[in-house]
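I have placed the structure first, in the form of structure tokens, so that the comments after it can refer back to it.
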Amino acid sequence: MNTLYFLVQQTMYFSIPLLIVALGGMFSERSGVVNIALEGIMIMGAFSSILFISVFQTVLPGQPVLLLAILIAAATGVIISLAHAYASINMKADQVISGTAINMFAPAFAIYVARMIRTVQQIPFVNQFRIEKVPVLGNIPVIGPMLFQNTYITTYLGFAILIVSWMVLYKTRFGLRLRSCGEHPQAADSVGINVYRMRYAGVAISGALAGIGGLVFVIPTSTNFNATVAGYGFLALAVLIFGQWKPSKILMAAFFFGLMKTIASAYSGIPVLAAMKIPNDIYKMIPYVATLVVLAFTSKNSQAPRAEGIPYDKGGR
């Protein structure tokens with residue numbers, strides 16, 4: 001049972017950031033804007049928030065400084081995403097090129113600023129955020145050790161974002177308008193919906209969640225930030241496509257890829273896998289091979305928003 005608890009806990013560490021970032025990508029693409037800049041936005045969100053934690057963690061106790069860092073990561077993500085939104089919506093630039101530019105800019109900026117501040121590119125922090133046991137819930141048999149022991153507040157934040165995202169997308173007027181702008185922007189415009197504004201909102205939400213996702217990825221898995229999120233932004237895009245741009249399916253896809261990442265990173269803690277003597281590099285390939293295989297078999301049946309990636313011209317058709 002201890003191995004099972006370990007496997008579930010590790011899967012949570014890797015799945016939750018994928019879930020949050022993929023949900024962010026969902027809002028952007030549901031509005032009609034392709035956001036492949038998720039990787040770069042994750043890096044910028046992680047950089048700003050980890051730098052904040054590194055500076056202020058000696059002044060503030062564990063969880064409050066983490067909550068403030070989450071807000072900083074979200075704000076950073078929004079700011080970076082607005083650059084992508086302006087290029088894609090107002091300038092009608094190629095959305096893939098705009099996103100790629102951000103992906104190239106983010107790690108270079110993080111390395112340069114970190115070296116300016118610390119002379120090295122790594123930003124260390126003390127991981128004082130792990131919750132050994134949630135009161136009451138941590139004592140529940142089986143479920144307690146799986147979900148409420150050796151956990152982080154970011155895990156529960158991820159599930160909260162999932163629930164709120166589903167409600168916003170399917171149970172609010174905003175969600176209906178957002179989806180209409182990604183499917184039939186001309187029809188949405190004809191009934192008075194401001195397509196530009198809705199697309200800005202979708203990209204901004206995407207940026208906020210991607211920024212948070214960068215922080216959520218770093219906190220449980222490291223004690224320093226090295227200007228990278230290990231390709232998680234691109235893996236989140238695979239989760240988004242595999243999840244068919246729907247929150248419930250994105251959840252399942254995130255846990256599938258999170259499990260693959262867990263096997264790749266923590267196989268030594270799983271007795272069956274550790275006994276196989278398989279080379280370390282083979283395990284590291286698992287998440288990316290799984291991504292290629294899954295997309296090869298599912299991409300033909302994917303149903304992306306119809307107006308995704310198509311700049312909207314108010315005066316055109």
Side-chain angles (χ1 to χ4, degrees), residues 19-42 45 74-75 77-103 161-213 233 236-250 253 302-317:
L19 172 65
I20 294 173
V21 178
L23 288 172
M26 177 193 71
F27 277 101
S28 180
E29 299 200 6
R30 282 286 194 168
S31 74
V33 178
V34 174
N35 191 358
I36 69 165
L38 295 175
E39 177 87 1
I41 297 173
M42 285 183 73
V78 170
I79 293 170
I80 300 300
S81 68
L82 288 179
H84 177 57
Y86 181 77
S88 302
I89 299 169
N90 294 90
M91 303 300 292
K92 297 179 175 57
D94 186 296
Q95 296 169 13
V96 174
I97 294 176
S98 173
T100 301
I102 292 175
N103 287 337
I161 289 173
L162 171 69
I163 295 169
V164 172
S165 296
W166 182 86
M167 293 179 64
V168 167
L169 198 64
Y170 295 114
K171 299 296 181 180
T172 66
R173 181 182 297 178
F174 172 83
L176 178 61
R177 291 180 174 183
L178 188 78
R179 286 183 284 135
S180 69
C181 290
E183 294 289 345
H184 301 286
Q186 286 80 11
D189 193 10
S190 69
V191 295
I193 298 173
N194 189 321
V195 176
Y196 291 166
R197 185 179 300 171
M198 294 305 298
R199 288 190 169 183
Y200 260 99
V203 177
I205 294 172
S206 174
L209 294 183
I212 293 172
L237 286 172
V239 169
L240 176 63
I241 297 169
F242 187 33
Q244 293 291 295
W245 295 266
K246 297 178 181 178
S248 58
K249 292 184 178 181
I250 287 174
S302 64
Q303 297 178 348
R306 295 181 183 180
E308 176 191 32
I310 303 174
Y312 176 65
D313 186 356
K314 187 176 178 64
R317 293 186 176 181

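All values reported here derive from a predicted model rather than from experimental measurement.
A distance of 6.5 Å separates CG in L237 from CD1 in I241, rounded to the nearest 0.5 Å. Atoms CD and CD, on E308 and E183 in that order, are 9.5 Å from each other to the nearest 0.5 Å. Atom CD1 of residue I205 and atom CE of residue M26 lie 9.0 Å apart, to the nearest 0.5 angstrom. Taking CZ from R179 and CZ from F27, the interatomic distance works out to 10.5 Å, rounded to the nearest 0.5 Å. Note that CZ of R197 is 12.0 Å distant from CD1 of I89, once rounded to the nearest 0.5 Å.
Distance alone, capped at 3.5 Å, places no donor-acceptor pair between the N35 side chain and the V203 backbone. S28 places no side-chain N or O within 3.5 Å of a backbone atom of G25 that could act as its donor or acceptor partner.
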Which atom pairs, one a donor and one an acceptor, fall under 3.5 Å between side chains of residues 161-170 and the rest of the protein, sequence neighbours left out?
unit_1: S165; atom_1: OG; unit_2: I161; atom_2: O; d: 2.7
unit_1: Y170; atom_1: OH; unit_2: R30; atom_2: NH2; d: 3.4

Result block: side-chain N/O donor-acceptor pairs under 3.5 angstrom for residues 93-102, not counting sequence neighbours:
unit_1: D94; atom_1: OD1; unit_2: V96; atom_2: N; d: 2.9
unit_1: D94; atom_1: OD1; unit_2: I97; atom_2: N; d: 3.2
unit_1: Q95; atom_1: OE1; unit_2: V34; atom_2: N; d: 2.7
unit_1: S98; atom_1: OG; unit_2: H84; atom_2: ND1; d: 2.8
unit_1: T100; atom_1: OG1; unit_2: V96; atom_2: O; d: 2.7

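L240 and A22 get closest at one heavy-atom pair: CD1-O, 3.6 Å. In terms of heavy-atom proximity, A204 sits nearest to V78 at O-CG2, 3.6 Å. Here the closest heavy-atom approach between residue Y200 and residue Y86 is recorded as OH-CA, 3.3 Å. Of all heavy-atom pairs between Q244 and Q303, the closest is OE1-N, 3.1 Å. I310 and R199 make their closest contact through O-NH1, 3.1 Å (heavy atoms, listed as atom of the first residue, atom of the second, distance). Counting all heavy atoms, side chain and backbone alike, A210 lies closest to I41 at CB-CG2, 3.6 Å.
Using a 4.5 Å cut-off on side-chain heavy atoms (C-beta onward), Q186 and Y312 make contact. Taking the side chain as every heavy atom from C-beta outward, L38 and S206 approach each other to under 4.5 Å.
The side-chain hydrogen bond (donor to acceptor under 3.5 Å, both in side chains) test applied to W245 returns E29, not counting sequence neighbours.
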